[in-house]
Structure formats: C-alpha cells, structure tokens
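Okay, structure first, notes after.
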Amino acid sequence: MSEPSSFAPARRLRTLDDVFLQIRDAILAGQIAEGARLPNERDLAERFEVGRPTVREALRSLEALGIVDIRPGRSGGTYAARPSEATLASALSTLVSLQGATAQELAEFRLSFEADTAWWAARRADADDVKALEALVTETRRLRKQIAGDWTPLTEADARWHEALARATKNRLRIGISLGLHEPRLRQVPARGEAHARYARTIPTALAKIRKAVKAHDADAARAAMLAHVAQWARLNPDVSDLEPIG
C-alpha cells in the first residue's frame with residue numbers, strides 16, 4: 001500500500017477538488033507508483049480530514065480519467081493506473097460533443113493536425129504500421145465496391161485508418177487526439193446525406209496515396225496528400241467553407 005507523506009488535510013473550500021488534485025498529482029509525480037494500492041477510504045478520509053463520501057467521489061472522478069483503477073471485492077481496492085491514449089480520446093470526444101464543435105471548426109483543426117500526423121507517420125512508421133495501413137486501404141476499396149446506399153461502414157474504416165496512421169507516429173498525444181476526433185465526426189455523417197456519399201467515394205484513392213508516401217518515408221508527400229484529403233472533405237461538406245491549404 002502506497003501512502004505519500006505529502007497528503008495534507010484538504011482545504012475547507014472545495015474540499016472535493018483538493019482531494020482529487022492531491023491524489024492525482026501524487027500519482028502523476030510518481031509518488032504513488034503505477035499499480036500501487038492506495039490507502040482505503042477510511043484512511044484517506046482521516047488523512048484529508050474530510051468525510052468518506054468526499055473521498056469516494058474524488059476516487060470515482062479519478063477512475064473516470066483512468067488515473068486509478070477501483071477493483072471490487074474483498075481483495076479489491078484502489079490502485080494507481082497509467083492514463084492511456086483512450087483516456088485522452090474519451091475526454092476530448094466528450095468535450096467536443098458537449099461544446100458542440102461545428103463541422104467548420106473540426107475541418108479547420110483537422111487540416112493542420114492530420115497533415116502533421118501524416119508527416120510524422122512517414123518519418124516513424126515501421127513495417128507493422130505500413131501493413132496495418134495497407135490492410136485498411138484494401139478494406140476501404142472492398143467497401144467502395146460493395147456499398148450502394150449506407151456509406152457509414154466506409155467512413156468507419158476511414159476513421160480506423162486515421163487512427164492507425166496516428167499510431168505510426170509513436171506519439172501518445174497524437175494517438176489520443178486522433179481517437180477523440182473521430183466519434184464526433186462520425187456522428188455528423190447522417191446529416192451530410194449525398195454530400196457525404198460524394199466524399200466517401202474518394203476515400204480509398206486518397207488513403208492509398210497517403211499510405212504510399214508513408215511507406216516510402218516521404219514525409220512532405222504524405223503531408224501534401226493528407227492536406228488534399230482533408231480539403232476534399234471540406235469542399236464536399238455544405239457546412240464547411242473552403243479551406244485554404246496551408247504551406
């Protein structure tokens with residue numbers, strides 16, 4: 001059981017936030033090692049000089065962020081965890097959805113973000129990354145031939161391809177952001193109608209071009225191909241103004 005000596009009585013104002021921050025900071029600073037068991041609720045409540053419900057709520061908030069793992073049962077308890085890319089993705093997806101990000105805002109952000117992701121992927125992709133990208137390009141081509149009405153499966157494959165590209169960068173922030181962007185974008189698909197269908201038909205060719213540049217480790221070509229791919233999505237989306245390609 002890990003019990004940092006830095007824990008102090010919680011401040012009277014917003015004690016919940018203070019308990020949350022003290023435990024979070026202790027884990028992120030390495031004072032509580034990943035996998036270490038935290039003191040039980042009663043001990044934490046005594047240390048922070050707060051009620052057990054306050055501790056319980058703080059721990060649940062930390063669990064939602066992936067910072068602790070609460071295990072039930074007699075041998076359970078609260079354990080320090082390492083936040084994953086999925087943690088960032090979930091938080092970002094929720095933020096984008098709650099704030100009601102528009103198609104224009106997503107397009108503007110994706111233009112530079114996706115282009116830079118392609119650039120880094122071309123520099124760092126290994127053989128397994130290229131294989132995963134090639135498999136997904138093949139899947140999009142198959143879906144392109146099969147689909148007659150509902151283009152959602154092709155869009156979902158496109159999202160998984162972008163996620164695979166982000167993983168090729170070996171950058172956990174890019175992976176998390178990429179994962180978090182795709183759920184809000186997929187939710188916009190039903191409202192796009194024929195505009196989305198026109199875009200979906202361009203996906204296999206665009207992804208194949210980016211994949212080719214990544215395989216050749218041509219970062220500038222990968223970036224340029226991605227800019228064209230995102231700009232095409234913007235041009236065919238009635239809710240997005242034309243985007244000026246960035247240099």
Value for OG1 (Thr78) from CD1 (Ile67), rounded to nearest 0.5 Å, stands at 13.0 Å

**OP:** May I ask you to test the Asp220-Trp119 pair for a side-chain heavy-atom distance under 4.5 Å?
**Re:** yes

message: Could you see if Leu136 belongs to whatever hydrophobic cluster contains Val130? Use Ile, Leu, Val, Met, Phe, Trp, Tyr and a side-chain cutoff under 4.5 Å.
response: no

Heavy-atom nearest pair, Ile177 first then Phe113, reads CG2-CZ, 3.5 Å

Here the pair of heavy atoms bringing Arg141 nearest to Ala208 is NH2-CB, 3.4 Å

Q) Parallel, tilted or perpendicular: which fits the ring planes of Tyr199 and Trp233, with parallel below 30° and perpendicular above 60°? A) perpendicular

Contacts of Lys209 meeting salt bridge (Lys or Arg N to Asp or Glu O under 4.0 Å) (sequence neighbours excluded), chain-then-number -> none

Separation between CG (Leu16) and OG1 (Thr54), nearest 0.5 Å, reads 6.5 Å

Of all heavy-atom pairs linking Ala200 and Trp151, the shortest is CB-CE3, 3.6 Å

In short, Ala125 meets His217 closest at the heavy-atom pair O-CE1, 3.1 Å

Checking His162, Glu156, Arg160 against Asp158 for side-chain contact (heavy atoms from CB on, under 4.5 Å), the one that qualifies is His162

Here the pair of heavy atoms bringing Arg123 nearest to Ala219 is CG-CB, 3.9 Å

For the backbone of Ala168 and the side chain of Arg124, can you confirm whether one donor and one acceptor N or O come within less than 3.5 Å of each other? no

Open item on the list: Please check: side-chain N/O of Ser178 versus main-chain N/O of Arg174, any donor-acceptor pairing under 3.5 Å?
Closed with: no

Self-check item: Side-chain donor or acceptor of Ser61 paired with backbone N/O of Glu57 under 3.5 Å
Solution: yes

* Are the side chain of Arg52 and the backbone N or O of Glu46 linked by a donor-acceptor pair below 3.5 Å? -> no

